[in-house]
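Taking it in order: structure first as C-alpha cells, then the write-up.
Proteins come first, then strands; the chains are lettered A, B, ... in the order of their sequence lines, and each starts at number 1. Only this structure's heavy atoms are used, side chains among them; waters, hydrogens and symmetry mates stay out.
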Number of protein chains: 2
Amino acid sequence: MIGNQEELVGPGALSRVTWALRRAELAVQTLKEKRLRPLGMVAAHYTLLMSVHSEPGLIGAELARRLNVTPQAVASLVTRLESRGQLERREHPRHRHVQELHLTDAGREAMHAADEVIADVERVITEALGSDAAGHLRALLNQVTDTVRDA
Amino acid sequence: MIGNQEELVGPGALSRVTWALRRAELAVQTLKEKRLRPLGMVAAHYTLLMSVHSEPGLIGAELARRLNVTPQAVASLVTRLESRGQLERREHPRHRHVQELHLTDAGREAMHAADEVIADVERVITEALGSDAAGHLRALLNQVTDTVRDA
DNA sequence: TGTGTCATGTCAAACGTTTGATAGTAAGTA
DNA sequence: TACTTACTATCAAACGTTTGACATGACACA
C-alpha cells in the first residue's frame with residue numbers, strides 16, 4: 001500500500017488544489033501586469049493606491065499588514081508614488097511621527113485608469129465562468145483563506 | 001450612472017474574484033513556507049524537486065517554463081540544491097552543453113519529507129471544503145487559468 | 001560544405017524585497 | 001514623575017529575482 005502511495009506522489013502533486021491555485025494566481029497576475037504596463041504602472045502600485053482610496057488616512061504599518069508585505073516594502077512604494085505626485089504623506093493628528101496616506105488628484109486619476117484595466121480582467125473571468133460560478137469560486141476561495149489562516 | 005460606479009470602485013474592488021484569489025494563494029503559500037521551514041526547505045525548492053521527480057531528465061530551460069520563472073532563477077536554485085547533494089546535473093546524451101536534471105537519493109528523501117507536509121496542507125483544505133467542493137474548486141481554478149492564458 | 005537560425009546556459013548589473021538594527025513617540029504603570 | 005512597553009518609521013546590508021548580453025552547440029537550408 002505504501003508502494004502505491006509512493007508511485008502516486010509525482011502525478012498526485014500536480015493535481016492538487018493548491019497547485020491549481022498557484023497556477024491560476026500566477027496567470028491572473030501576469031495578465032494584470034501585462035495590461036497595466038502601458039499605463040506605466042505595476043500591480044503593486046495599483047493595489048496600494050486602491051487600498052488608500054478605500055481607506056483614506058491609512059498608515060504605512062497598517063497598510064503593510066493588509067497587503068501582507070513588510071513595512072519597508074510599503075515605504076519603498078510610497079516613496080515612489082509620492083515622487084510621482086500620486087500619493088502624499090500627512091502627519092497624523094495625534095501621533096506626530098506617524099504618517100497618514102492620502103491620494104492626490106493625480107493619484108485618484110491614475111487609480112481609476114488602472115482600475116478600468118483590472119475591472120476588465122475581472123470581467124473576462126466572470127464572463128467565461130458565468131456570474132453564478134464566479135460567485136461560487138469567490139466563496140470557495142474565501143473559505144480556503146479562512147481555513148488556512150488559522151491552521 | 002457613472003457616479004454610482006465611481007462610488008463602488010473602492011468596495012467593489014475588494015470583493016473581486018481576483019482579489020480573493022490573491023488572498024487565498026498568499027495564505028496558502030505562507031502556510032506552506034511556515035511548515036516547510038523546520039525541514040530547512042522553502043517552497044521553491046520543493047516545487048523544483050517535485051517537478052524533476054515527476055519528469056526525470058528535465059532540462060533547466062524547460063523547467064523554467066513550467067514554473068513560470070526565468071532560467072536564471074532555476075539555475076540559481078539548481079546550484080544550491082546541487083551543492084546540498086539533492087540534485088545532480090548530467091550531460092544530455094545528444095546535446096552536449098544541455099544539462100539533464102536528476103534527483104539523488106538524498107533529494108528523493110528530502111522531497112518525500114517535504115511532500116508529506118504539503119500533502120497535509122492540501123488535506124486540511126480539502127477536508128474543510130469537502131472533497132466535492134474541493135474538486136469543483138480545482139476545476140474552476142483550471143478554467144480561470146485557461147481563460148486568462150489566452151486573453 | 002558552409003551559413004543562418006534557434007535554443008541552452010552563464011555572466012554581470014539593476015531592482016525590489018526581506019531581515020536586522022536603531023531612533024522617536026505615545027500610552028500604561030509604579 | 002520616572003519608567004517600562006508597544007508601535008511607527010527609517011537606515012543598512014543580505015538575498016533572490018529579473019533584465020540584458022554573450023558564448024556555445026545543434027539543426028535546417030542553400
Side-chain angles (χ1 to χ4, degrees), chain A residues 22 25-27 29-34 36-37 40-49 51-52 55 57-84 86-102, chain B residues 22 25-26 29-34 36-37 40-49 51-52 55-84 86-102:
Chain A
R22 179 177 182 269
E25 159 64 8
L26 210 55
Q29 200 64 20
T30 300
L31 179 60
K32 282 186 179 177
E33 299 284 3
K34 198 170 82 179
L36 242 31
R37 174 162 299 234
M41 198 179 268
V42 296
H45 296 163
Y46 165 73
T47 304
L48 198 154
L49 291 178
S51 299
V52 174
E55 295 185 66
L58 214 54
I59 66 174
E62 180 61 25
L63 189 48
R65 283 189 287 268
R66 309 255 171 138
L67 303 182
N68 270 294
V69 295
T70 58
Q72 293 82 348
V74 169
S76 169
L77 289 173
V78 167
T79 298
R80 170 163 305 185
L81 292 173
E82 190 182 27
S83 74
R84 288 192 195 171
Q86 297 177 339
L87 196 69
E88 66 177 5
R89 315 185 198 221
R90 295 185 200 160
E91 192 177 78
H92 189 106
R94 300 193 51 178
H95 308 274
R96 199 158 34 148
H97 87 308
V98 174
Q99 306 162 343
E100 289 186 342
L101 300 176
H102 292 270
Chain B
R22 180 178 183 269
E25 160 65 8
L26 211 55
Q29 200 63 22
T30 300
L31 179 61
K32 282 185 179 178
E33 299 285 2
K34 199 170 81 180
L36 242 31
R37 175 163 299 236
M41 199 179 270
V42 296
H45 296 164
Y46 164 75
T47 304
L48 198 153
L49 291 178
S51 298
V52 175
E55 296 185 66
L58 213 54
I59 66 175
E62 180 60 25
L63 189 48
R65 283 188 287 269
R66 310 252 170 140
L67 304 182
N68 270 294
V69 295
T70 58
Q72 292 83 348
V74 169
S76 168
L77 290 172
V78 168
T79 299
R80 171 162 305 185
L81 292 172
E82 190 181 27
S83 74
R84 288 191 194 172
Q86 296 176 339
L87 195 68
E88 66 177 4
R89 316 186 198 219
R90 294 186 201 160
E91 191 175 82
H92 189 105
R94 300 193 51 178
H95 308 274
R96 198 153 40 141
H97 86 309
V98 173
Q99 305 162 345
E100 290 187 342
L101 301 176
H102 291 270

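- A heavy-atom distance below 4.5 Å is found between the side chains of Glu100(A) and Pro93(A).
- Atom CG in Leu77(B) sits 11.0 Å away from atom CG in Leu101(B) (nearest 0.5 Å).
- Pairs engaging residues 55-72 of chain B under the salt bridge (charged side-chain N to carboxylate O under 4.0 Å, His left out) rule: Glu55(B)-Arg66(B), Glu62(B)-Arg65(B), Glu62(B)-Arg66(B) [sequence neighbours left out].
- The nearest whole Å value for the distance from the NE2 atom in His92(A) to the P atom in dC7(D) is 15 Å.
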Below 3.5 Å between N/O atoms, which protein atoms pair up with nucleotides 1-3 of chain D? Just atom names and distances, please.
none

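- In this structure the side chain of Leu87(A) reaches within 4.5 angstrom of the side chain of Leu48(A), judged on heavy atoms.
- Evaluation of the side-chain contact (heavy atoms from CB on, under 4.5 Å) rule for His95(A) yields His92(A), Val98(A) as partners, not counting sequence neighbours.
- Side-chain contact between Leu49(A) and Met41(A): present, with at least one pair of heavy atoms (C-beta onward) separated by less than 4.5 Å.
- Atom CG in Leu67(A) sits 4.5 Å away from atom OG in Ser51(A) (nearest 0.5 Å).
- Between Arg84(B) and Glu82(B) there is no salt bridge, since none of the side-chain N atoms of the basic residue sits less than 4.0 Å from a carboxylate O of the acidic one.
- Contact check, Arg89(B) against dT8(C): no side-chain N or O comes under 4.0 Å of OP1 or OP2.
- Atom CD of Glu91(B) is separated from atom P of dT8(C) by 16 Å (rounded to the nearest Å).
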Checklist outcome for this item: Expected string for nucleotides 16-26 of chain C under the B/S/- scheme (protein heavy atoms, under 4.0 Å, primed atoms plus P, OP1, OP2 as sugar-phosphate) is SSBBB---BSS
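- Within the structure, every pair that satisfies the side-chain hydrogen bond (donor to acceptor under 3.5 Å, both in side chains) test and touches residues 70-81 of chain B, not counting sequence neighbours, is listed here: Thr79(B)-Arg89(B).
- For the contact set between residues 56-67 of chain B and DNA chain D, defined by any heavy atom under 4.0 Å, there are no members.
- Gln99(A) places no side-chain N or O within donor-acceptor distance of the main-chain N or O of Gly60(A), the cut-off being under 3.5 Å.
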